[in-house]
S.K.: 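Okay, handing you the structure first.
Since this is a predicted model, take the numbers as computed values, not measurements. To find a chain, count down the sequence lines: A is the first, B the second, and so on, and within it residues start at 1.
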Protein chains: 2
Amino acid sequence: MPKDASVSPSPRKAFADRRRDPATKREAVLKTAAQLFLEKSYGRMSMNDVADRLNITKPALYHYFDNKEDILLECYRLGVGLIEEILNGIADHCGTGLQKVEAFVHSYATVMTVNFGRCVMRLDEGDLTSDARAEVRTYKRKIDRRLRSFIEEGIADGSIAPCDSKIAAFSIAGALNWICMWYEPDGALSPEEIATQFARTLTQGLVARKRSSRLRVVFKEE
Amino acid sequence: MPKDASVSPSPRKAFADRRRDPATKREAVLKTAAQLFLEKSYGRMSMNDVADRLNITKPALYHYFDNKEDILLECYRLGVGLIEEILNGIADHCGTGLQKVEAFVHSYATVMTVNFGRCVMRLDEGDLTSDARAEVRTYKRKIDRRLRSFIEEGIADGSIAPCDSKIAAFSIAGALNWICMWYEPDGALSPEEIATQFARTLTQGLVARKRSSRLRVVFKEE
DNA sequence: CTGATATCTTACCCACCGGTAAGAAAAAAA
DNA sequence: TTTTTTTCTTACCGGTGGGTAAGATATCAG
């Protein structure tokens with residue numbers, strides 16, 4: 001099972017020899033930190049945990065990162081990068097506001113099943129210093145504003161029923177963000193299944209359309 | 001503004017004198033612990049924080065509770081109690097599955113704006129010992145199963161469009177649980193506003209129904 | 001081969017946290 | 001008052017975690 005070793009070697013092996021290759025070692029730290037962070041949360045993940053899993057000692061980590069916060073902030077930035085990619089993709093791909101929301105939900109749900117993506121929403125602002133917190137808040141507001149603008153666009157173009165876009169955005173974002181709380185990579189639900197049904201449920205709702213055999217809907221122009 | 005002092009005195013004053021009144025003192029501990037827990041999360045909330053806010057010293061707390069986990073678990077139980085109340089209320093109040101889900105969302109959203117309710121979803125299982133974790137998981141599964149049963153009921157009675165009830169329940173529960181992450185008691189959004197729009201959005205979706213002045217829907221029995 | 005540089009380890013510091021031991025001070029019971 | 005019980009404080013312990021100092025070891029440039 002030899003993958004492309006130059007791209008994604010097992011993080012454990014990145015520190016196997018002391019060849020000078022800071023980039024891949026940094027990457028290895030980030031990957032295992034993200035993994036551990038998801039397993040244990042920021043507060044319970046110690047620098048020793050990270051070091052142990054990489055078969056090195058704690059001080060070695062400080063050769064590549066300033067401190068614990070620095071590591072997790074970097075994971076966070078990678079995750080945000082994934083999200084911003086999909087946001088830009090949606091802006092181009094024109095359509096109704098509703099279609100944009102649907103595309104957003106589908107893509108965002110998928111990102112929430114990727115480790116770095118999950119880190120974004122698992123990171124508690126309370127664990128950060130005020131500088132880092134400010135940065136994180138900026139990202140979050142950007143994403144929230146974007147979703148809200150899609151909803152408002154939909155209301156304007158008639159594809160979305162009038163509503164408070166702020167609350168609607170919180171509702172959708174909440175459902176999506178919570179994915180990282182229950183999703184298990186080896187679980188029964190595949191990312192694709194989740195993304196598809198989320199996109200459907202969050203835009204169309206649960207309610208059955210009146211198209212049963214007993215009832216028929218007729219649209220009449222006036 | 002004198003409230004009923006026998007019911008809810010300021011937690012700070014509960015320990016003002018040493019009169020023997022364990023019940024209200026316990027309650028005061030729980031309230032401030034819940035408050036602090038919401039402000040700082042379990043890991044960053046120290047027993048000293050709680051004691052300081054009550055104007056006592058740390059060991060005094062151990063007169064009323066066995067340990068830190070015991071305190072938060074008690075807060076958790078109070079919150080779960082609130083949720084189970086609404087669940088039972090909905091079971092009686094008969095109606096379609098969709099109506100039950102709607103009622104659930106409305107009530108649950110409201111509970112998520114009450115401190116003890118918020119504690120339920122902010123409590124990270126990873127912070128607990130295995131015994132407590134087992135208890136917590138039991139409660140959560142009970143709630144999840146209940147919501148899922150409402151959805152399945154709705155699919156059976158035709159009020160809800162066929163879907164994977166598991167994913168749908170995760171979606172709805174996620175939106176609701178996430179409320180405790182952004183809700184601020186003194187913020188712009190009132191609990192009632194939130195509950196009402198959540199109930200609407202999560203059941204009906206965002207999509208505009210074709211009921212504009214240009215179109216009219218007619219239901220015809222066959 | 002040699003000196004310079006990057007990499008990593010051993011040993012340590014300090015702050016904090018959950019929890020306890022032992023006893024003082026107040027309140028209730030006698 | 002005296003005794004007993006509850007309530008609360010001072011002082012402390014063991015463990016852990018982030019982070020650093022200082023030096024050993026390997027890699028690389030020349």
Side-chain angles (χ1 to χ4, degrees), chain A residues 9 11-29 32-33 36-37 39-75 123-124 126-129 131-132, chain B residues 9 11-30 32-33 36-37 39-75 123-124 126-132:
Chain A
R12 293 205 48 153
K13 301 296 168 201
F15 286 84
D17 67 20
R18 291 174 77 162
R19 202 179 69 255
R20 295 185 186 172
D21 189 1
T24 52
K25 290 187 180 178
R26 256 184 79 98
E27 194 188 331
V29 173
T32 64
L36 264 158
F37 170 60
E39 289 172 17
K40 311 182 73 164
S41 95
Y42 188 86
R44 287 184 303 273
M45 179 197 86
S46 77
M47 295 296 271
N48 267 321
D49 289 336
V50 180
D52 284 354
R53 199 165 285 195
L54 289 166
N55 277 104
I56 56 175
T57 56
K58 184 172 59 171
L61 292 172
Y62 289 87
H63 205 78
Y64 300 91
F65 296 91
D66 288 346
N67 49 45
K68 187 181 177 184
E69 182 176 69
D70 190 23
I71 297 181
L72 267 300
L73 212 50
E74 206 64 39
C75 291
L123 190 53
D124 183 351
D127 286 314
L128 302 174
T129 60
D131 281 0
Chain B
R12 293 203 49 150
K13 301 296 168 199
F15 286 84
D17 67 20
R18 292 174 77 163
R19 200 180 71 255
R20 296 184 184 173
D21 190 0
T24 53
K25 290 187 179 176
R26 256 184 79 98
E27 193 186 333
V29 172
L30 290 177
T32 63
L36 264 159
F37 171 60
E39 289 171 17
K40 313 182 74 164
S41 92
Y42 188 85
R44 288 185 303 276
M45 178 196 87
S46 76
M47 294 296 268
N48 267 322
D49 290 335
V50 180
D52 284 353
R53 198 165 285 195
L54 289 166
N55 277 105
I56 56 175
T57 57
K58 184 173 58 171
L61 292 172
Y62 290 86
H63 205 78
Y64 299 93
F65 295 91
D66 287 346
N67 50 45
K68 188 181 177 185
E69 183 177 70
D70 189 24
I71 297 180
L72 267 299
L73 212 51
E74 206 64 38
C75 291
L123 190 53
D124 183 351
D127 286 315
L128 301 175
T129 59
S130 57
D131 281 0

S.K.: Would you please test B/L61 and B/L54 for side chain to side chain contact (heavy atoms under 4.5 Å, CB included) and show each step?
M.R.: CA-CA 10 Å; B/L61 292 172; B/L54 289 166; 4.3 Å; yes
S.K.: Taking C-beta and beyond as the side chain, do B/D127 and A/R44 meet within less than 4.5 Å on heavy atoms?
M.R.: yes
S.K.: Looking at B/H63, does any N or O in its side chain come under 4.0 Å of the phosphate oxygens OP1/OP2 on D/dT7?
M.R.: yes
S.K.: Atom CG of A/D66 to atom C1' of D/dT20: distance rounded to whole Å?
M.R.: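 It works out to 13 Å between those atoms.
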S.K.: For the pair made of NZ in A/K40 and P in D/dG18, what is the distance, rounded to whole Å?
M.R.: 10 Å
S.K.: Compare every heavy atom of A/K40 with every heavy atom of A/M45, then report the nearest pair and how far apart it is.
M.R.: N-CB, 4.2 Å
S.K.: A/R44 CZ to D/dG15 P: how many Å, rounded?
M.R.: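 For the pair A/R44 CZ and D/dG15 P, the rounded distance is 22 Å.
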S.K.: Using a 4.0 Å heavy-atom cut-off across all strands, classify A/Y64 as base, sugar-phosphate, or nothing.
M.R.: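 Sugar-phosphate, backbone atoms only, no base.
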S.K.: Grab the NZ-P distance between A/K25 and C/dT7 for me, whole Å please.
M.R.: 7 Å
S.K.: Does some side-chain heavy atom of A/E74 sit less than 4.5 Å from a side-chain heavy atom of A/R26?
M.R.: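 Side-chain contact under 4.5 Å: yes.
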S.K.: Using whole Å, report how far CG of A/L61 lies from P of D/dG18.
M.R.: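 These atoms are roughly 10 Å apart.
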S.K.: In residues 53-60 of chain B, which residues come under 4.0 Å of DNA chain D by heavy atom?
M.R.: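 The stretch gives B/I56, B/T57, B/P59, B/A60 as the residues lying under 4.0 Å from the strand, ordered by number.
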S.K.: Just how far, in rounded Å, is P of D/dT16 from NZ of A/K68?
M.R.: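 Taking atom P of D/dT16 as the reference, NZ of A/K68 is at 15 Å.
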S.K.: What residues, two or more places apart in sequence or in another chain, satisfy ring-ring contact (aromatic ring centres under 6.0 Å, His included) together with B/Y64?
M.R.: B/F15
S.K.: What is the distance, rounded to the nearest whole Å, between atom CD of A/E69 and atom C1' of D/dG17?
M.R.: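 These atoms are roughly 16 Å apart.
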S.K.: Mind calculating the distance between CE (A/M45) and P (D/dG19) to the nearest angstrom?
M.R.: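 That distance rounds to 10 Å.
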S.K.: Can you tell me how far apart CD (A/E27) and OG1 (A/T32) are? Round to the nearest 0.5 Å.
M.R.: 11.0 Å
